[in-house]
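A quick write-up on the structure given underneath.
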Amino acid sequence: MVVSLSKAFFHALAASDTLKQLASTHGMRRRNSFARRFIAGEDVEEAIAAAAAVEASGMTQTLDYLGESGRTMAEADTATRTCLVMLDKIVRAGIGRNVSLKLTQLGLAVDRATCVDNLRRILDAGRLHDFFVRIDMEGSEYTDVTLDIFETMWQQGYRNAGVVLQSYLPRSIEDARRLNRLEARVRLVKGAYKEPRGVAYQSKAEVDAAFLDLMKLLIEEGTYPAIATHDPAMIDATRQHASERRLDAARYEFQMLYGIRRDLQASLARAGHGVRVYIPFGREWFAYFMRRLGERPANVGFVLRGLLRDR
Ligand SMILES: Cc1cc2nc3c(=O)[nH]c(=O)nc-3n(C[C@H](O)[C@H](O)[C@H](O)COP(=O)(O)OP(=O)(O)OC[C@H]3O[C@@H](n4cnc5c(N)ncnc54)[C@H](O)[C@@H]3O)c2cc1C
């Protein structure tokens with residue numbers, strides 16, 4: 001209840017232009033400005049530097065050029081070109097070749113065919129240089145179409161891509177079975193969007209129980225699943241289930257967000273687990289940032305202190 005209220009509150013705030021203006025002016029201005037806790041920077045060079053530091057500490061990374069809900073074809077084209085430049089810079093920097101993107105960024109909300117063309121441009125370039133491209137999952141209005149596009153690309157032979165399932169959606173268990181049969185790589189998350197009752201579970205207990213069911217299915221039948229959570233209970237259950245099923249730690253990985261539970265990231269890596277850090281960057285960081293606040297209201301105090309300091 002508290003979680004969904006807080007999510008609703010922050011989703012409403014995220015729609016405020018005044019707040020966006022205020023945050024955008026202050027959030028990234030200095031090296032220690034408050035938004036930098038969760039976002040590596042506004043340009044790809046800063047993200048690459050953060051990725052190199054993550055790798056130096058024994059973890060892997062995926063870079064996410066932030067942006068969603070592109071409203072015009074021109075915006076989608078610009079986002080696609082920026083992703084292609086990012087791939088090129090990652091190759092030149094010599095860091096791990098793994099990126100995450102959102103289909104609305106590539107124009108899904110404007111025109112599906114254009115979005116598919118843009119995705120194909122990125123997958124083709126990625127394939128040339130051995131990239132893995134994770135298609136993030138967005139709000140439930142995009143679940144069907146995102147999975148449909150992913151599965152179409154898979155049938156066309158694009159194996160350098162993976163997708164995301166959200167445990168707050170009851171439908172995910174069926175989706176997981178189908179994706180496991182394809183041998184596609186799935187990232188499991190709880191789900192970050194505000195969804196209505198009837199579409200998504202509303203209580204933490206239900207979301208967590210579904211997460212555990214999905215985790216077990218992916219560990220038993222999946223292909224290199226990514227268990228993406230900061231929740232120690234989910235992580236412990238995953239380790240235990242994998243060990244009971246004698247699944248070697250090299251056959252799955254944990255994923256966490258940049259700046260969140262760095263202590264847990266480090267301790268899992270020290271214990272020999274694969275840990276991939278999701279590193280977001282870009283000028284369009286506000287919506288991502290507000291979702292992180294909504295997950296943990298205690299973060300608000302930290303932001304307010306940052307705002308007062310940076311004024
Ligand atoms: C690598 C990665 C990729 C993701 N991709 C997607 C995606 O494609 N689509 C999607 O809908 N969602 C995505 N998410 C977000 C996810 O759905 C959750 O909203 C988010 O991970 C919080 O849930 P949790 O599993 O950490 O558990 P929770 O029960 O929310 O949190 C467990 C504990 O983690 C810590 N924690 C969690 N969030 C925060 C925070 N913001 N700040 C500080 N501490 C925190 C706290 O200690 C908390 O008690 C992704 C998450 C990760 C880690």
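Indexing begins at 1, ligand by ligand and atom by atom, following the structure's order.
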Worksheet item: Which of the listed options, Leu264, Ile260, Leu257, holds the heavy atom that is closest to atom 53 (C) of ligand 1?
Response: Leu257
Fill in: CA sep, side-chain torsions, deciding dist, call: Asp43, Arg283, salt bridge (charged side-chain N to carboxylate O under 4.0 Å, His left out)
CA-CA 8 Å; Asp43 58 50; Arg283 296 180 63 81; over 6 Å; no
Worksheet entry | Flag for Glu253-Tyr224: side-chain donor and acceptor within less than 3.5 Å | yes
Item to complete: Just let me know how Tyr193 lines up against ligand 1, side chain, backbone, both or neither, with a heavy-atom cut-off below 4.0 Å.
Response: side chain
Worksheet item: When you measure from atom 32 (C) of ligand 1 to each heavy atom in Thr143, Leu101, Asp231, which option holds the nearest one?
Response: Asp231
Worksheet item: Got an N/O contact under 3.5 Å between Arg292 and ligand 1?
Response: yes
Item to complete: Under 4.0 Å from a heavy atom of Asp136: give me the atoms of ligand 1 that qualify, with their elements.
Response: 8 (O)
Item to complete: Answer yes or no: does an N/O atom from Met137 fall short of 3.5 Å to an N/O atom of ligand 1?
Response: yes
Practice prompt. For Gly191, counting its heavy atoms only, list the atoms of ligand 1 lying under 4.0 Å from any of them.
Written response: 11 (O), 16 (C), 17 (O), 19 (O)
Item to complete: Any side-chain hydrogen bond (donor to acceptor under 3.5 Å, both in side chains) involving residues 124-135? Give me the pairs, sequence neighbours left out, ordered by first then second residue.
Response: Asp124-Tyr158
Worksheet item: Below 4.0 angstrom, N of the basic side chain to O of the carboxylate: do Lys102 and Glu138 qualify?
Response: no
Worksheet item: Within less than 4.0 angstrom of ligand 1, does Lys204 place any heavy atom?
Response: yes
Discussion item. Under 3.5 Å between any N/O of Pro232 and any N/O of ligand 1: does that happen in this structure?
Written reply: no
Worksheet item: Considering only heavy atoms, does Thr229 approach ligand 1 within less than 4.0 Å through its side chain, its backbone, both, or neither?
Response: both
Fill in: Between Tyr258 and Phe38, ring centroids under 6.0 Å
no
Worksheet item: When you check the gap from the basic side-chain N to the acidic O, do Arg159 and Glu183 get nearer than 4.0 Å?
Response: no
Fill in: Shortest heavy-atom approach to atom 21 (O) of ligand 1 - which of Gln166, Arg187, Lys190, His230
His230
Fill in: Electrostatic pair Arg178:Asp175 at N-O distance under 4.0 angstrom
yes
Discussion item. According to ring pair (Phe, Tyr, Trp, His ring centres under 6.0 Å), who are the partners of His273, at least two apart in sequence or on a separate chain?
Written reply: Phe254
Discussion item. Using a plain distance cutoff, I'd like to know if Tyr168 has any nitrogen or oxygen under 3.5 Å from a nitrogen or oxygen of ligand 1.
Written reply: no
